[in-house]
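Okay, structure first, notes after.
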Amino acid sequence: MKLIDLHVHSTASDGSYRPGEVVRLAGEANLAAIALTDHDTIDGLPEAIRAGGEAGVEVIPGVEISARFPGGSMHILGYFIDYTNGLLDERLAVLKAARAERNPRIIAKLNALGIKITMEQVVRVSGGGQVGRPHIARALMEAGYVRDLQEAFDLYLRNGAPGHVAKFRFPPEEAIAMIREAKGIPVLSHPFTLGLGSAFALKNLLQDLKRVGLAGIEVYYGEHAPEQQALYLKLARELNLLITGGSDFHGMNKPEVTLGRIPCQRNLTYHLVEALKEWRRQEYGS
Ligand SMILES: [Zn+2]
Ligand SMILES: [Zn+2]
């Protein structure tokens, strides 16, 4: 049985292992194929693809784009993207720039409220990794403006608070279009994070997304309860959507998840990859 994992992160986004290391781990775990699907970036793909040749693991070039979805969190996976054509990279650069601007904008808002903290202080408490709101919260605490991190979020940083700056996200149809522009296969990630109340709402959403180019749904996922998995499978069949699955491996940054391991692992076999490839042949002719 050829086992696979179609949802994997590296240091190119918020995983703890380098792309090449992830691929070597996949080889050690005897996985036949993995998809590297870093958040909003394809920077890790060249290294992963190179490592795949050495480790004997098929590396599917992927991405996971966060899309705008009020009330929940929507991620869209892209599989078999042509990461060399530059188009997707150009579009993702918009997100990168927005991320880089967000912290200074939050700090500027706080400064305007009379709070004297600086980007340098925030970078110092971050210890040198990715910098975000938790570090701003810590800087606020260390400077004595709040008693704890929760208070920092409640008073200043949460959605609706005076220091809040919304994250930039592409609307779903644009995220899907970006993936298709790069000849990729757009798949809705872990549908439970959308926070939809009913199967009916999910079906409607899937129909809308399919109309704008969605090709599949992530059915097999560690956090899907059996009844959720059954629903997603049923909807995939009803709506003629591709089925994917994976661990959402983040290395040490999500230590409870093991590469290639989810409760319904027996479903994660190479036939899912074959279906993706067949879809791609029919859609793009290659
Ligand atoms: Zn995700
Ligand atoms: Zn993910």
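Atoms within each ligand, like the ligands themselves, are counted from 1 in listed order. None of these values were measured; they are calculated from a predicted model.
At the Zn ion (ligand 2), the angle from NE2 in His7 to OD1 in Asp248 is 80° when rounded to 10°. Put simply, the angle at the Zn ion (ligand 1) from OE2 in Glu64 to ND1 in His75 is close to 100°, to the nearest 10°.
Using a 3.5 Å distance cut-off with no hydrogens or angles, the side chains of Ser16 and Asn253 do not pair a donor with an acceptor. Side chains of His7 and Glu218: a donor on one and an acceptor on the other come within 3.5 Å.
Residue-level check: among N/O/S atoms of His9, NE2 sits closest to the Zn ion (ligand 2).
Rounded to the nearest 0.5 Å, atoms NZ (Lys2) and CD (Glu274) are 6.5 Å apart.
Under the side-chain contact (heavy atoms from CB on, under 4.5 Å) rule, Ile4 has a single partner from Ile60, Ile34, Val273, Leu31, which is Val273.
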